[in-house]
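For reference, the structure is listed below as structure tokens.
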Amino acid sequence: MESFHQTTLQTVQWFVFLLASSVALPIVIGSIYEMSFTDVSGLMQRTLFIVGIACFLQGWFGHRLPIADGPAGIWISTFTVYAVTATQHGETLGDTLRILETAMLLTGLFLIIMGVLKLSQKVIPIFTPLVTGAFLFMLTIQLSGTFLSGMLGLSGDNTVAQLDAAMISFFVFFFVLGFSIFWKGPLKNYGVLIGIAAGWVLDAIIRGNEQLNVTLPFFELPEIFAWGLPKWDIGTIPIAFLTAVILLSNIVASLGAANYAIKRDSTFRSEQMNRGSLTLGINQGISGLFSGVAVVTLASSSGFIELTGQKKKRPFMYASLLLVIIALFPPIVAFISMMPSPVANAALMATFVQLLGIGLNNIASQKLDQRRLTILGITFLIGIGIMFMPPETFEGFPSLIQNLVSNGLLMGTILVILLENLWRETTVEA
């Protein structure tokens, strides 16, 4: 009976993590593309549906580890850059969303081909501990600004920090960390769940509850091609291919970090990489089919595993199916989407503390000689520097190059891979 209770609590906590990782970004995309509340609600429903299916497929026949797939990183940058370039070229935002459907479908096709032909495993030697560690470090830096903005109550036109939101969010942040690290009882592994619940109640007391004034159908299947049929644009081919290659780095980093969190050994089998690539390709296709924000393999899952100590796959699979079921009921989705942004962002920020630690462990696992320190210096100065630049900085560049150089994580990852693999250690020793 105790095992049933444990599985139930672990399932709920995985569900909350998947939810917290998914709810914020559809709202961001809705704001960028000037969507109505109904459109954002539909995007939220489809995104949760996609995330649930994606996670289940990866756990079932993909890499078969409890690693979440969710909207993040490179695709958010891609959506943002496409919106900027569309405005510059006089295109409608609706047409841009249809082009993005095509980009997601093509990216999925490239990943499937790489997985089937076992090309994905060829990239594993490229991702040394230095490359993986640098990627994880830059990933946490890139998203820390997003999380901190959410914790301070910044959104849309509101650029002034809200004191009440900041108090609640930092309470949740330190509560989750402190509870997970210092608590000695059986509830130690449920810090994220307890922290979010406590933060939500505290937010309701201090800031009040939001009221949902829109009538939604009780049950509704997600709409296929909700933005319209995919629109062909030859410029999406190189972008889709490049995105597919970069997504492979997400898989490598996520598999290594998750294996380290689960068994303190970051090595994994090449077949896991190939199956992970194939399944991520299918998930990209599902994202395009259901007009959602395309998913990536979330390295932050390892931070969640480290923080909670939950290493079993079964609760993760149950949580994935629960998310799919919940997504079919719009009123429940609308209620969940009212989870206070400061609370969700604070809980995610806490898991990223552990992820940052894993990244630093990767970097420190080898001697930091002059060569490695120089590579890290160049990578961080350029990659992180780009993250602080506004999207319109590169608007004078062609759209393909603009999409590439405006993404700090992307540029930093490319730099560290090139420097690590072209600048051999033997040249230093000689």
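The structure presented is a predicted model; accordingly, all values stated were derived computationally and were not measured.
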Taking all non-hydrogen atoms of both residues, which atom of Thr47 and which atom of Pro71 are closest, and how far apart? CG2-CG, 4.0 Å

Got a second to check how far Tyr318's OH is from Phe56's CZ, nearest 0.5 Å? 10.0 Å

Any side-chain heavy atom of Pro340 within less than 4.5 Å of one from Ile168? no

Just verifying a value: how many Å separate Ile417 CD1 and Ser249 OG, rounded to the nearest 0.5 Å? 6.0 Å

Is any side-chain heavy atom of Leu105 closer than 4.5 Å to one of Pro230? yes

In terms of heavy-atom contacts, Leu355 and Ala299 come closest through CD1-O, 3.2 Å

Worked verdict on Ser277 versus Asn274 for side chain to side chain donor-acceptor pair (under 3.5 Å): CA-CA 5 Å; Ser277 170; Asn274 293 324; over 6 Å; no

With a 4.5 Å cut-off on side-chain heavy atoms, are Ile124 and Ser270 touching? yes

Does some side-chain heavy atom of Gln6 sit less than 4.5 Å from a side-chain heavy atom of Leu9? no

So, are Arg371 and Glu420 salt-bridged, with charged N and O less than 4.0 Å apart? yes

Determine whether a donor-acceptor pair (N or O, by modelled atom type, separation under 3.5 Å) exists between the side chain of Asp203 and the backbone of Gly199. no

If you take all heavy atoms of Gln284 and Ala294, which pair is closest and at what distance? OE1-CB, 3.6 Å

Rounding to 0.5 Å, atoms CD (Gln310) and OG1 (Thr11) come to a distance of 8.5 Å

For the residue pair Met387 and Met138, establish whether any side-chain heavy-atom pair is separated by less than 4.5 Å. yes

Using a strict cut-off of less than 4.0 Å between a Lys/Arg side-chain nitrogen and an Asp/Glu carboxylate oxygen, indicate whether Arg264 and Glu306 qualify as a salt bridge. yes

Hey, does the Lys NZ or Arg CZ of Arg314 hover above the aromatic six-ring of Phe316, less than 6.0 Å from the centre and inside 45° of the axis? no

Of the non-hydrogen atoms in Phe61 and Thr279, which two are nearest, and what is the gap between them? CE1-OG1, 3.7 Å

Check: Ala261 main-chain N/O paired with Ser302 side-chain donor or acceptor under 3.5 Å: no

So Ser120 and Ile251, do their side chains get closer than 4.5 Å, heavy atoms only? no

Could you go through the side-chain contact (heavy atoms from CB on, under 4.5 Å) check for Leu202 and Phe175 one step at a time? CA-CA 13 Å; Leu202 190 62; Phe175 177 89; over 6 Å; no

Side-chain (Thr413) to main-chain (Phe135) donor-acceptor, under 3.5 angstrom: no

Test item: Arg275 side-chain N/O and Gly62 main-chain N/O as donor-acceptor pair under 3.5 Å: yes

For residues Phe268 and Val252, determine if any side-chain heavy atom of one lies less than 4.5 Å from a side-chain heavy atom of the other. yes

Has Arg46 got a side-chain atom pairing as donor or acceptor with Phe290's backbone, closer than 3.5 angstrom? yes

In terms of side-chain heavy atoms, does Asp265 have a donor or acceptor partner in Asn259 at a distance below 3.5 Å? no

Of all heavy-atom pairs linking Asp164 and Arg207, the shortest is OD2-CG, 3.5 Å

side-chain contact (heavy atoms from CB on, under 4.5 Å), that's the test. Do Phe241 and Ile237 meet it? Break it down for me. CA-CA 6 Å; Phe241 178 76; Ile237 296 178; 5.7 Å; no

Show the numbers, then the answer: is there a side-chain contact (heavy atoms from CB on, under 4.5 Å) between Leu136 and Thr132? CA-CA 6 Å; Leu136 292 175; Thr132 303; 4.2 Å; yes

Smallest heavy-atom separation, Ser287 atom then Ile50 atom, equals OG-CG2, 3.4 Å

Can you tell if the side chain of Leu419 reaches within under 4.5 Å of the side chain of Ile378, non-hydrogen atoms only? yes

Would you check if the side chain of Ser266 reaches a backbone N or O of Gly256 as a donor-acceptor pair within less than 3.5 Å? no

CD1 on Ile234 to CD1 on Ile239, rounded to 0.5 Å: 12.0 Å

For a quick test of your reading: what N or O donor-acceptor pairs under 3.5 Å do the side chains of residues 356-366 make, sequence neighbours left out?
| unit_1 | atom_1 | unit_2 | atom_2 | d |
| --- | --- | --- | --- | --- |
| Asn362 | ND2 | Ile358 | O | 2.9 |
| Ser365 | OG | Asn362 | O | 2.7 |
| Gln366 | OE1 | Arg372 | NE | 3.3 |

If you count the non-hydrogen atoms of other residues, nucleotides and ligands that lie under 6.0 Å from NZ in Lys313, is the total more than 12? yes

Carefully, step by step, assess Leu348 and Phe17 under the rule side-chain contact (heavy atoms from CB on, under 4.5 Å). CA-CA 8 Å; Leu348 286 176; Phe17 174 74; 4.0 Å; yes

The reported gap from CZ in Phe15 to OG1 in Thr8 (rounded to nearest 0.5 angstrom) is 14.0 Å

Phe179 and Trp183 aromatic ring geometry - parallel, tilted or perpendicular at 30°/60° bounds: parallel

For Met389, does its backbone N or O pair with a side-chain atom of Thr393 as donor and acceptor, under 3.5 Å? no

Can you confirm whether or not the ring centre of Trp14 sits under 6.0 Å from the ring centre of Phe304? yes

For this output row, return yes or no: ring centroids of Phe137 and Phe380 closer than 6.0 angstrom. yes

Once rounded to the nearest 0.5 Å, what's the spacing between atom NZ of Lys311 and atom CD1 of Ile305? 9.0 Å

Do any N or O atoms from the side chain of Gln272 and from the backbone of Arg269 form a donor-acceptor pair under 3.5 angstrom? yes

Would you please say whether a donor-acceptor pair under 3.5 Å links the side chains of Thr236 and Asp233? no

Can you spot which of Leu106, Thr107, Leu410, Leu111 makes a side-chain contact (heavy atoms from CB on, under 4.5 Å) with Thr243? Thr107

Side chains of Thr297 and Ser254: any donor to acceptor distance under 3.5 Å? no

I'd like to know if the side chain of Gln58 and the backbone of Gly276 have a donor-acceptor N/O pair within less than 3.5 Å. yes

So with a 6.0 Å cut-off around CH2 of Trp232, is the heavy-atom count from everything else above 12? yes

Please answer whether the main-chain N or O of Ala226 pairs with a side-chain N or O of Ser291 as donor and acceptor at a distance below 3.5 Å. yes

